[in-house]
J.: 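Okay, here's the structure, questions in a sec.
To find a chain, count down the sequence lines: A is the first, B the second, and so on, and within it residues start at 1. Owing to the predicted nature of the structure, the values given are computational and were not obtained by experimental measurement.
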Number of protein chains: 2
Amino acid sequence: MTYHVHGVSASGNCYKVRLALEQLNLPHVWHEVDMMNGATRTDEFRKLNPNGKVPVLVIDEKTTLAESDAILCYLAEGTPLLPDDRLERAQALQWMFFEQYSHEPNVAVARFILQFLKQPGDPRLPDRIAGSYRALDVMEQHLATRTYFVGERYTVADIALYAYTHVAHEANVDLSRYPAIRAWIERVRSQPRHVEMPGVDQ
Amino acid sequence: MTYHVHGVSASGNCYKVRLALEQLNLPHVWHEVDMMNGATRTDEFRKLNPNGKVPVLVIDEKTTLAESDAILCYLAEGTPLLPDDRLERAQALQWMFFEQYSHEPNVAVARFILQFLKQPGDPRLPDRIAGSYRALDVMEQHLATRTYFVGERYTVADIALYAYTHVAHEANVDLSRYPAIRAWIERVRSQPRHVEMPGVDQ
């Protein structure tokens with residue numbers, strides 16, 4: 001079967017799905033969504049995801065799946081990317097919920113304001129950048145004694161957190177104070193079949 | 001074994017854990033956290049969860065788990081509350097990520113401002129309430145033709161979304177325009193071993 005993905009190439013949430021599909025060697029067709037011109041707010045798009053957000057995975061004609069980290073878990077089920085052990089699976093989910101609640105709303109939103117909206121004077125920016133550092137502090141502490149987030153091997157938790165962390169500089173967030181995170185980024189990049197995220201203006 | 005939970009009784013995120021523990025009939029001890037007086041920001045608490053948030057599930061002396069929806073999945077593994085089917089499991093996760101990204105930051109934060117901080121003039125409130133209605137619109141559309149969020153039966157997705165939806169009025173959010181949500185709330189309440197969430201000032 002061939003999956004269809006509706007996404008924005010330079011969105012970290014969408015990139016997670018692309019990276020997992022590539023690393024799991026799953027055939028797929030990418031449908032680029034013109035988010036900046038309102039394409040996620042059309043009736044047609046809301047049939048794919050009533051919440052009006054990318055990415056969306058189309059599994060078959062009747063079945064779509066939204067929320068990047070849920071899509072990761074679906075694609076990785078039964079593969080080494082998703083732990084089989086009950087506790088490790090829950091720990092992977094813990095980091096994915098951390099990503100969506102404490103990391104993405106800071107790093108990704110600051111990056112969106114700067115790189116997509118191109119509004120460096122936006123009054124929301126200082127809070128988002130401060131929140132980014134709080135999330136990175138938690139990651140740095142965890143990675144100081146570990147190679148990956150869960151079970152000492154590369155999983156969906158790493159994919160989820162890599163997506164926006166490796167472009168934190170595009171959110172005016174400085175990774176130089178985070179040696180463990182920078183070493184982990186290189187380990188993620190060295191994984192088989194790794195692909196990079198396209199730049200915002202490509 | 002006996003689980004230990006560190007939580008705030010009137011927090012919806014913490015209530016999810018209590019409800020699952022009660023419905024799964026799992027022995028547990030509840031440790032009330034004095035969040036409003038800074039207890040989640042102490043070094044002692046950060047040993048339980050470096051991210052400084054409740055709830056935390058203590059599984060054994062060396063093992064803690066944070067993030068309410070990850071805890072739900074851990075507790076429900078192997079029970080009817082967590083779908084076994086690959087697609088249904090991913091759909092449950094989709095709704096739980098929706099809850100943490102599009103619902104909780106609106107409904108729960110508006111409720112926190114009103115009921116915990118008691119600041120009805122807070123300038124963040126109108127945006128949070130508007131976001132609450134957007135999330136409830138998505139839920140209403142889904143529930144209009146369904147009894148529960150996933151697989152036509154009660155799962156962790158319902159627990160996750162019930163926690164703050166059933167107290168939406170405490171966030172100045174009016175459920176009267178949402179008949180499908182109100183009927184679903186009654187179905188959730190009628191589940192075996194249901195327990196209510198304690199009020200904020202109890």
J.: Do other residues, nucleotides or ligands put more than 12 heavy atoms under 6.0 Å from the CG atom of B/Asp84?
T.: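 Open: at most 12 neighbouring heavy atoms sit under 6.0 Å from CG of B/Asp84.
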J.: Which residues in residues 118-136 of chain B have any heavy atom closer than 4.5 Å to a heavy atom of chain A?
T.: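 Under the 4.5 Å heavy-atom cut-off, nothing qualifies.
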J.: Does anything in residues 40-76 of chain B reach chain A? List residues with heavy atoms under 4.5 Å apart, or say none.
T.: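 Those residues of residues 40-76 of chain B which have a heavy atom under 4.5 Å from chain A are B/Pro50, B/Asn51, B/Lys53, B/Ile59, B/Thr63, B/Thr64, B/Leu65, B/Ala66, B/Glu67, B/Asp69, B/Ala70, B/Cys73, B/Tyr74, B/Leu75.
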J.: Does anything in residues 92-111 of chain A get under 4.5 Å of chain B by heavy atoms, and if so which residues?
T.: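 The residues closer than 4.5 Å to chain B, in numerical order, are A/Leu93, A/Gln94, A/Met96, A/Phe97, A/Phe98, A/Gln100, A/Tyr101, A/Ser102, A/Glu104, A/Pro105.
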J.: If contact means a heavy atom pair closer than 4.5 Å, which residues of residues 6-30 of chain B contact chain A?
T.: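 From residues 6-30 of chain B, none sit under 4.5 Å of chain A.
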